[in-house]
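Working notes, structure below.
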Amino acid sequence: MNIGLIDCDSKIPNLALMKLSAWHKSIGDDVSFYSPIFEYDKVYASKVFTFTTCPFLPENCIKGGSGFDIHAKLPNEVENCHPDYDLYECDYAIGFITRGCIRACDFCIVPAKEGGIKKATELSSFWSGQKKIMLLDNNLTASPDCIQIIRDLKKTKAAIDFSQ
């Protein structure tokens, strides 16, 4: 199958699209960023923010991300894939160790989308020795596991970017 991906608004590599790419490649599909001049068997679009206007989306497009639906989730087999960093020619690891937040800020959808703070995954699910790790965790220091997580991060000797 020929798979097209549309990143509607990410300023950093889109983690969901990297996981979709990895999963589709693992089953032998060809994956690339969408171009209207090519034909695709399946097209995915990911949008982070509700205020973003998307480019033309094909009729058969599968839409995901908080910008489309805060309750939509990747299927488990896709969510648990190691991201395809080659999709964005990305030389650093990107991922979440925790999800959720202890706060209830009026402007934020995280509590409605993910609930309270909880461990989401292990570092090894998205890091494979890169010299930089970008964490997308919303409130890592609120996690009861915070000290152990930081110790584990220190052991990597990687530069850590707490991007959220």
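Treat the numbers as computed from the prediction; the structure is a model and nothing was measured.
- Hydrophobic cluster membership is shared by Tyr92 and Leu87, with clusters built from Ile, Leu, Val, Met, Phe, Trp and Tyr side chains linked at under 4.5 angstrom.
- Under the 4.5 Å side-chain heavy-atom criterion for grouping Ile, Leu, Val, Met, Phe, Trp and Tyr, Met134 is not connected to Val110 through any hydrophobic cluster.
- Sorted pairs that involve residues 108-164 and meet ring-ring contact (aromatic ring centres under 6.0 Å, His included), not counting sequence neighbours, are lacking altogether.
- Applying the salt bridge (charged side-chain N to carboxylate O under 4.0 Å, His left out) test to pairs two or more places apart or on separate chains, those with a residue in residues 11-39 are Lys19-Glu79, Lys25-Asp84.
- Looking at Asp41, its side chain does come within 3.5 Å of a backbone N or O of Asn2 through a donor-acceptor pair.
- Surrounding NZ of Lys63 are at most 12 heavy atoms belonging to other residues, nucleotides or ligands under 6.0 Å away.
- Side-chain atoms of Ser163 come within 3.5 Å of backbone N or O of Leu135 as a donor-acceptor pair.
- Two different hydrophobic clusters hold Leu136 and Ile109 under the rule that ILVMFWY side chains link at heavy-atom gaps under 4.5 Å.
- For the atom pair Ser10 OG and Met18 CE, the distance stands at 9.0 Å (nearest 0.5 Å).
- For the atom pair Gln130 CD and Thr156 OG1, the distance stands at 10.0 Å (nearest 0.5 Å).
- Hydrophobic clustering, defined by side-chain heavy atoms of Ile, Leu, Val, Met, Phe, Trp and Tyr closer than 4.5 Å, leaves Phe107 isolated from every other such residue.
- Applying the salt bridge (charged side-chain N to carboxylate O under 4.0 Å, His left out) test to Lys155 and every residue at least two apart in sequence or in another chain returns Asp152.
- Partners of Phe49 under the ring-ring contact (aromatic ring centres under 6.0 Å, His included) rule, at least two apart in sequence or in another chain, are Phe51.
- Residues Ile117 and Leu123 fall into different hydrophobic clusters, defined by Ile, Leu, Val, Met, Phe, Trp and Tyr side chains chained together at heavy-atom separations under 4.5 Å.
- Atom OG1 of Thr141 and atom CG of Asn139 lie 5.0 Å apart (nearest 0.5 Å).
- Looking only at distances, a side-chain donor or acceptor of Lys118 sits under 3.5 Å from a matching main-chain atom of Gly116.
- When the side-chain hydrogen bond (donor to acceptor under 3.5 Å, both in side chains) test is applied to Thr52, the partners found at least two apart in sequence or on another chain are Asp9.
- Residue pairs meeting the ring-ring contact (aromatic ring centres under 6.0 Å, His included) criterion with at least one partner in residues 15-34, sequence neighbours excluded, are His24-Tyr44, Phe33-Tyr88, Tyr34-Tyr40.
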### Task
Begin from the C-alpha positions of Ile6 and Cys54 and carry the test side chain to side chain contact (heavy atoms under 4.5 Å, CB included) through to its verdict.
CA-CA 9 Å; Ile6 301 171; Cys54 288; over 6 Å; no
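- At a threshold of 4.5 Å between side-chain heavy atoms, the hydrophobic network of Ile, Leu, Val, Met, Phe, Trp and Tyr places Leu74 and Ile70 in two separate groups.
- Interatomic distance, Asp145 CG to Ile150 CD1, rounded to the nearest 0.5 Å: 11.0 Å.
- Nearest approach of Ala72 to Lys113, heavy atoms of both residues: O-NZ, 4.0 Å.
- In this structure Glu77 satisfies the salt bridge (charged side-chain N to carboxylate O under 4.0 Å, His left out) test with no other residue, sequence neighbours excluded.
- Partners of Asn60 according to the side-chain contact (heavy atoms from CB on, under 4.5 Å) rule, which considers only residues two or more places apart in sequence or in another chain, are Val43, Pro58.
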### Message
If you apply the rule side chain to side chain contact (heavy atoms under 4.5 Å, CB included), what do you find for Lys42 with Ile62, and how did you get there?
### Response
CA-CA 8 Å; Lys42 197 176 276 190; Ile62 300 165; 3.7 Å; yes
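- With sequence neighbours left out, Lys131 forms a salt bridge (charged side-chain N to carboxylate O under 4.0 Å, His left out) with no residue at all.
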Could you list the donor-acceptor pairs under 3.5 angstrom formed between side-chain atoms of residues 93-105 and any protein atom two or more places apart in sequence or on another chain?
from  : atom 1 : to     : atom 2 : distance (Å)
Thr98 : OG1    : Asp137 : OD2    : 2.7
Arg99 : NH1    : Glu114 : OE2    : 2.9

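- Summarising the geometry, atom SG belonging to Cys8 is positioned 5.5 Å from atom CG belonging to Leu57; distances are rounded to the nearest 0.5 Å.
- Taken to the nearest 0.5 Å, the CD1 atom of Ile3 stands 7.0 Å off from the CD1 atom of Ile27.
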### Task
Assess whether side chain to side chain contact (heavy atoms under 4.5 Å, CB included) is satisfied between Ser46 and Asp7, documenting all intermediate values.
CA-CA 5 Å; Ser46 180; Asp7 185 340; 5.8 Å; no
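- Residues meeting the side-chain contact (heavy atoms from CB on, under 4.5 Å) test with Ser125, sequence neighbours left out: Thr121.
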